[in-house]
*Asks:* 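Dropping the structure in here first, questions after.
Everything quoted here is computed from the prediction, not taken from an experiment.
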Amino acid sequence: MKLNPDCVRDILMTFEELCTDVDKTYIFSSFDEIPMKLPQLNKYPAEVLAYHIRQLDLSGMLFDAKFNRDGFSFADITPRAHEFLANIRENKIWNGVKVIAEKVGSKSLDSLTQIAANVVLQLIQAQFHLS
């Protein structure tokens, strides 16, 4: 399965909103129940969500994630995920990141993270050149 950058963003934004308790573990007994519990993600089939959630865990974006045969649990998203979201939250920036990723031919999580950080850096630098 190929990584869908929009699915990654949607999952992280949903999980960020979900995680409000410091000492809570969020449990999904099956991947099929995710779209029911989190309607923001109902445009993705369970197997697509399962794949992308595993990729987020393997990329260090989920804290204390545990997987079983049918579902998973996690405690929060990591600082790395928060930083990524801070860089791509605005649709204008996110769309620019996707255009650049398409041009360079790399849509890995690491590439998307680096591109997002560079896009934000360029926007910051442009603000200093306005004076």
*Asks:* Quick check on the hydrophobic clustering: are L123 and W94 connected, directly or via other members, by side-chain heavy-atom contacts under 4.5 Å?
*Replies:*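 As far as the 4.5 Å side-chain criterion goes, W94 and L123 are connected within one cluster.
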*Asks:* With side chains defined as the heavy atoms from C-beta onward, is the minimum distance between R80 and T113 less than 4.5 Å?
*Replies:* yes
*Asks:* Starting at CG of D64, measure out to OG1 of T78 and round the result to the nearest 0.5 Å.
*Replies:*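 The OG1 atom of T78 is 12.0 Å from CG of D64, to the nearest 0.5 Å.
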*Asks:* A side-chain contact here means heavy atoms from C-beta on lying under 4.5 Å apart; do L3 and Y51 qualify?
*Replies:*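 A side-chain contact exists here, since the closest heavy-atom pair is under 4.5 Å.
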*Asks:* Is there side-chain contact between L85 and M13, with at least one heavy-atom pair below 4.5 Å?
*Replies:*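 The answer is yes, as the side chains (C-beta and beyond) meet within the 4.5 Å cut-off.
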*Asks:* Establish whether M1 and L49 are linked, either directly or via other cluster members, by ILVMFWY side-chain heavy-atom contacts under 4.5 Å.
*Replies:* yes
*Asks:* From D110 CG over to S59 OG, what is the distance, rounded to the nearest 0.5 angstrom?
*Replies:* 6.0 Å
*Asks:* To the nearest 0.5 Å, what is the distance between CD1 (I27) and NZ (K37)?
*Replies:* 8.0 Å
*Asks:* Which atom pair, heavy atoms only, marks the closest approach of F74 to L18?
*Replies:* CZ-CD2, 4.1 Å
*Asks:* In Å and rounded to the nearest 0.5 Å, what is the CG to CD distance from L62 to Q55?
*Replies:*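 Taking CG in L62 and CD in Q55, the distance rounds to 11.0 Å.
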*Asks:* Do F72 and D57 have side chains that approach each other closer than 4.5 Å (heavy atoms only, starting at C-beta)?
*Replies:* no
*Asks:* Any chance you could measure F15, atom CZ, to I53, atom CD1, to the nearest 0.5 Å?
*Replies:* 4.0 Å
*Asks:* Give the cluster check for V99 versus L112: same hydrophobic cluster or not, with ILVMFWY residues linked at side-chain heavy-atom distances below 4.5 Å.
*Replies:* no
*Asks:* Is F63 linked to L38 within one hydrophobic cluster, defined over Ile, Leu, Val, Met, Phe, Trp and Tyr using a side-chain heavy-atom separation of less than 4.5 Å?
*Replies:*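 Unlinked, F63 and L38 end up in two clusters.
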*Asks:* Answer whether the closest heavy-atom distance between the side chains of V97 and N87 falls below 4.5 Å.
*Replies:*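 No, every pair of side-chain atoms sits at 4.5 Å or beyond.
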*Asks:* Tell me, do R89 and E16 make a side-chain contact under 4.5 Å, heavy atoms counted?
*Replies:*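 Of all side-chain heavy-atom pairs linking E16 with R89, at least one is under 4.5 Å.
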*Asks:* Does CD belonging to E102 count more than 12 external heavy atoms closer than 6.0 Å?
*Replies:* no
*Asks:* Taking atom OH of Y26 as the centre, does the number of heavy atoms from other residues, nucleotides or ligands within less than 6.0 Å exceed 12?
*Replies:*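 Yes.
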*Asks:* I'd like to know if K107 and D6 make a salt bridge, using a cut-off of under 4.0 Å between side-chain N and carboxylate O.
*Replies:* no
*Asks:* Do you know which two heavy atoms are closest between E33 and S30, and how far apart they sit?
*Replies:* CG-O, 3.1 Å
*Asks:* Can you measure from NE2 (H82) to CD1 (I77) and round to the nearest 0.5 angstrom?
*Replies:* 3.5 Å
*Asks:* Which heavy atom in S111 sits nearest to a heavy atom in S106, and how many Å separate them?
*Replies:*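 Result for this residue pair: OG-OG, 2.6 Å.
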*Asks:* When you look at I11 and L56, which way does the side-chain contact (heavy atoms from CB on, under 4.5 Å) test go after all the steps?
*Replies:* CA-CA 9 Å; I11 291 169; L56 287 168; 3.5 Å; yes
*Asks:* If you define the side chain from C-beta out and look only at heavy atoms, does anything of H52 sit under 4.5 Å from L41?
*Replies:* no
*Asks:* If every non-hydrogen atom of T25 is compared with every non-hydrogen atom of S73, which pair is closest and at what distance?
*Replies:* CG2-CB, 3.8 Å
*Asks:* With a 6.0 Å cut-off (strictly less than), is the heavy-atom count around CD of E83, excluding the residue itself, greater than 12?
*Replies:* no
*Asks:* Which heavy atom of D10 sits nearest a heavy atom of T14, and at what distance?
*Replies:* O-OG1, 2.7 Å
*Asks:* Give a yes or no on whether V8 and V104 share a hydrophobic cluster (residues Ile, Leu, Val, Met, Phe, Trp, Tyr; joining criterion: side-chain heavy atoms under 4.5 Å apart).
*Replies:* yes
*Asks:* Taking side chain as C-beta onward, heavy atoms only, is I34 less than 4.5 Å from Y44?
*Replies:*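 No. Closest side-chain heavy atoms not under 4.5 Å.
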*Asks:* Without swapping roles, check the side chain of D21 against the backbone of D23 for a donor-acceptor pair under 3.5 Å.
*Replies:* no
*Asks:* Compare every heavy atom of I115 with every heavy atom of A101, then report the nearest pair and how far apart it is.
*Replies:* CA-CD1, 3.7 Å
